[in-house]
Amino acid sequence: MTGWLMNRSLLILAALLLSAGMSACSPLGKPPADNLYQRLGGEQGIEALVYDLLVEIAADERIVERFRDVNIPRFRQGLESYICSISGGPCEYSGESMQVVHAGHGYTDVEFNALVDDLIRAMEKRQLPVATQNRLLALLAPSYRDIVYQ
Ligand code: HEM
């Protein structure tokens, strides 16, 4: 790892450790017990998953540079509420659409796959069953067209 990349990873890790990890979840009623949100471990499970994902990204030389100027606590919270909301949890994702957020950066399919790899690693670390992993990946897969080569 080059010195610069190392610094970048350390910065992201520091921001992670300092940020509160509060998700934008608000109790809008209890989701059914067997939905994906519950299978991911609810609010706490998703917070832990996003934390592990960011740790993976911080160590991933293929994409870490893309997060050089990103406000990590905000990104963390955005990801938490996005995953919570698409998995059927009681959260509203209030950020911009995936297309707007990622437009103008020319993210490649190699970078997209790298992030998916990192997510799988994080889900493995959380010991989520493969069926649960696949359900989340299936929900995220369609975002490919909004994120890559925009
Ligand atoms: C499954 C694929 C992906 C999903 C579901 C996803 C989701 C998200 C979400 C929810 C946010 C936060 C938006 C907000 O709250 O404002 C975000 C921001 C961001 N994403 Fe992605 N993303 C994906 C792929 C990628 C890839 C492949 C890259 C680049 C390697 C990337 C780079 C970024 C960056 C740099 C930001 C921060 C933007 C900013 O705050 O300025 N994303 N993404």
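Counting starts at 1 for both ligands and their atoms, in listed order. Since the structure is predicted, the reported quantities are computational estimates derived from the model, not experimental observations.
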Consider ligand 1: state whether an atom of it lies below 4.0 angstrom from any non-hydrogen atom of M98.
yes
Side-chain contact test, heavy atoms from C-beta onward, threshold under 4.5 Å: evaluate it for D118 versus R62 and give yes or no.
yes
Just to check, does Y93 reach to within less than 4.0 Å of ligand 1 when the distance is taken from its heavy atoms?
yes
Less than 4.5 Å apart, side chain to side chain, heavy atoms only: is that true for L115 and Y107?
no
Are L137 and I120 side-chain neighbours, meaning at least one heavy-atom pair lies under 4.5 Å?
yes
Proximal candidate to atom 2 (C) of ligand 1 [heavy atom criterion; set F75, Y144, F112]:
F112
min-distance protein heavy atom vs atom 38 (C) of ligand 1 -> V101 CG1, 4.2 Å
Note: ligand 1 atoms sitting under 4.0 Å from heavy atoms of L115 are 2 (C), 24 (C), 25 (C), 26 (C)
Would you say M98 ends up clustered with V70 if hydrophobic residues are merged whenever their side chains have heavy atoms under 4.5 Å apart, either directly or through other cluster members?
yes
Which atoms from ligand 1 have a heavy atom of Y107 less than 4.0 Å away?
29 (C), 32 (C), 33 (C), 34 (C), 35 (C)
Between L136 and L49, is any pair of side-chain heavy atoms under 4.5 Å apart?
yes
Numbered in order shown, the ligand 1 atoms found under 4.0 Å of a heavy atom of Y82 are 5 (C), 10 (C)
Specify whether F112 and Y144 have parallel, tilted or perpendicular ring planes, treating 30° as the upper limit for parallel and 60° as the lower limit for perpendicular.
perpendicular
Atom 42 (N) of ligand 1 protein-contacted (non-hydrogen atom, under 4.0 angstrom)
yes
Nearest neighbour of atom 4 (C) of ligand 1 from the list I72, L79, I147, on a heavy-atom basis
I147
Which of the numbered atoms in ligand 1 are under 4.0 angstrom from any heavy atom belonging to R74?
16 (O), 40 (O)
Side-chain heavy atoms of E43 within contact of E80, under 4.5 Å:
no
Any non-hydrogen side-chain atom of F75 less than 4.5 Å from a side-chain atom of N71?
no
Under 3.5 Å between some N or O of ligand 1 and some N or O of H102?
yes
Sub-4.0 Å heavy-atom approach of L140 to ligand 1
yes
Per-atom filter on ligand 1: closer than 4.0 angstrom to a heavy atom of G78 are 10 (C), 15 (O)
For V70, atoms of ligand 1 separated by under 4.0 Å from a heavy atom
35 (C), 37 (C)
Does the side chain of L54 come within less than 4.5 Å of L79's, by heavy atoms?
yes
The single option from C84, S81, C91 passing side-chain contact (heavy atoms from CB on, under 4.5 Å) against I46:
C84
Per-atom contacts, ligand 1 versus R66 - under 4.0 Å to a heavy atom:
30 (C), 35 (C)
Could you list which atoms of ligand 1 come closer than 4.0 Å to a heavy atom of I63?
30 (C)
